[in-house]
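Structure first, then comments.
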Amino acid sequence: KLPATRSGGFARGRSKPETSAFHGTGFLTEAWDEPRSAFAAVIGETRDRLAIEEKPGANRKVIVLGLSPGAGASLVALNLALAAAREGATPILIDLAAGPASLSAAFADDAEIGAEQVISGAAGLIRAALQDDETGVFFLPRPNAPTRPAAPSQERLKTGLLDQTRRFEAVVIDAGSTADGALPYMLAEMADDIVAVAPAGMAKNHAQRLAERALGADAAKIRCIVLNEGSEGLD
């Protein structure tokens, strides 16, 4: 179970704001700057569950999927990438979630190129990705647009985006929620590992049944279900 996070954009015991681009705006980074917190402990346990399947150089692709809108998938995805960076990996965090409360809206609302341009072939991954100076995490945003294009084909998703992530030791994709159309299910089919995030108040057994019904055969890729006890009130 993921406990409620602390509030504010300052790390405890420090007199000035962090230089990390990932501080503030509602998404907190306790897996990075508070490694002994209860929040970070759950993120660490999730990383351990993923590591069971990992082999050096395997470049496994992990998607984080909310079992309802606002469950906290973006929060978990961000902190998984930060935890990987703390362990010495070179991670990339890819935002493919929909909605106004996305990581891209919080941290890269002025980005002109991002995931959709990479998928279409209009831009390369390294050109479009941003790197956080403090943590070293690469971040591929999904720029805001008046309308979203239709979900890409699986071939474009693979060759345009996923194949370009081979240089990264940890690939974490925020897939949004099961209510976000076809794209999350396409990502689940192509992922190596899935972390499902359930909102506050959802019982573990119910979350498991919901994930299995939604994902079908791809439910076998679920390494853990995070019960986000602090997700009440999230957009």
Side-chain angles (χ1 to χ4, degrees), residues 21-22 27 29 31-32 43-66 73-98 102-104 107-108 111 113-121 123-132 135-142 151-177 180 183-197 215 218 220-224 226:
F22 295 119
F27 293 98
T29 57
W32 176 259
I43 295 296
E45 182 182 352
T46 304
R47 283 281 301 158
D48 290 344
R49 298 284 185 91
L50 294 169
I52 294 173
E53 303 291 331
E54 290 177 358
K55 294 180 181 178
N59 179 243
R60 295 183 71 85
K61 297 165 183 66
V62 179
I63 74 158
V64 184
L65 180 65
S74 297
L75 179 71
V76 173
L78 169 59
N79 281 277
L80 282 176
L82 291 164
R86 176 171 284 282
E87 294 166 10
T90 302
I92 184 166
L93 172 64
I94 299 173
D95 183 16
L96 290 177
S102 67
L103 293 168
S104 297
F107 303 118
I113 60 174
E116 275 148 5
Q117 288 73 25
V118 174
I119 293 168
S120 70
L125 175 62
I126 299 305
R127 175 176 169 235
L130 309 170
Q131 187 178 23
D132 179 38
T135 64
V137 173
F138 284 81
F139 176 52
L140 182 65
R142 190 180 190 188
S153 68
Q154 284 196 324
E155 181 62 22
R156 282 304 321 162
L157 196 58
K158 179 180 184 299
T159 60
L161 177 61
L162 299 182
D163 284 353
Q164 292 193 60
T165 65
R166 289 174 180 165
R167 62 167 287 183
F168 296 97
E169 297 165 290
V171 180
V172 181
I173 302 172
D174 179 3
S177 82
D180 289 337
L183 186 58
Y185 298 97
M186 294 171 61
L187 290 166
E189 188 172 338
M190 303 177 75
D192 298 301
D193 307 294
I194 298 172
V195 174
V197 183
L215 295 173
D218 292 318
K221 300 177 184 177
I222 295 175
R223 306 300 167 218
C224 63
V226 178

Would you say [X] and [Y] make side-chain contact, with heavy atoms under 4.5 Å?
X    : Y    : answer
P152 : L183 : yes
L75  : V197 : no
P141 : L103 : no
I173 : L162 : yes

Please report the closest heavy-atom contact between [X] and [Y], naming both atoms and the distance.
X    : Y    : result
D180 : P184 : O-CD, 3.4 Å
G124 : V118 : O-CG2, 3.8 Å
A191 : I63  : CB-CG2, 3.7 Å
S120 : Q117 : OG-O, 3.0 Å
D192 : R60  : OD2-CA, 3.2 Å
A84  : A170 : CB-CB, 3.8 Å

Please check: side-chain N/O of [X] versus main-chain N/O of [Y], any donor-acceptor pairing under 3.5 Å?
X    : Y    : result
R156 : I119 : yes
D132 : V137 : no
Q131 : F138 : no
R142 : A97  : yes
K221 : A188 : yes
E189 : Y185 : no

Derivation and outcome, side chain to side chain contact (heavy atoms under 4.5 Å, CB included), residues F107 and L78: CA-CA 11 Å; F107 303 118; L78 169 59; 4.2 Å; yes

Rounded to the nearest 0.5 Å, what's the gap from [atom1] on [X] to [atom2] on [Y]? Could you check?
X    : Y    : atom1 : atom2 : answer
L187 : D174 : CG    : CG    : 10.0 Å
D218 : L65  : CG    : CG    : 10.5 Å
L50  : I194 : CG    : CD1   : 11.0 Å
R47  : R223 : CZ    : CZ    : 13.5 Å
L161 : L96  : CG    : CG    : 6.5 Å
T90  : R167 : OG1   : CZ    : 7.5 Å

Considering residues, nucleotides and ligands other than K158, do more than 12 of their heavy atoms fall under 6.0 Å from its NZ?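 12 or below, so no.
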
For L140, the option from L93, I94, D95, I113 that meets side chain to side chain contact (heavy atoms under 4.5 Å, CB included):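 One option only clears the test, and that one is I94.
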
Quick one: do K61 and M190 satisfy side chain to side chain contact (heavy atoms under 4.5 Å, CB included)? Show the steps, please. CA-CA 8 Å; K61 297 165 183 66; M190 303 177 75; over 6 Å; no

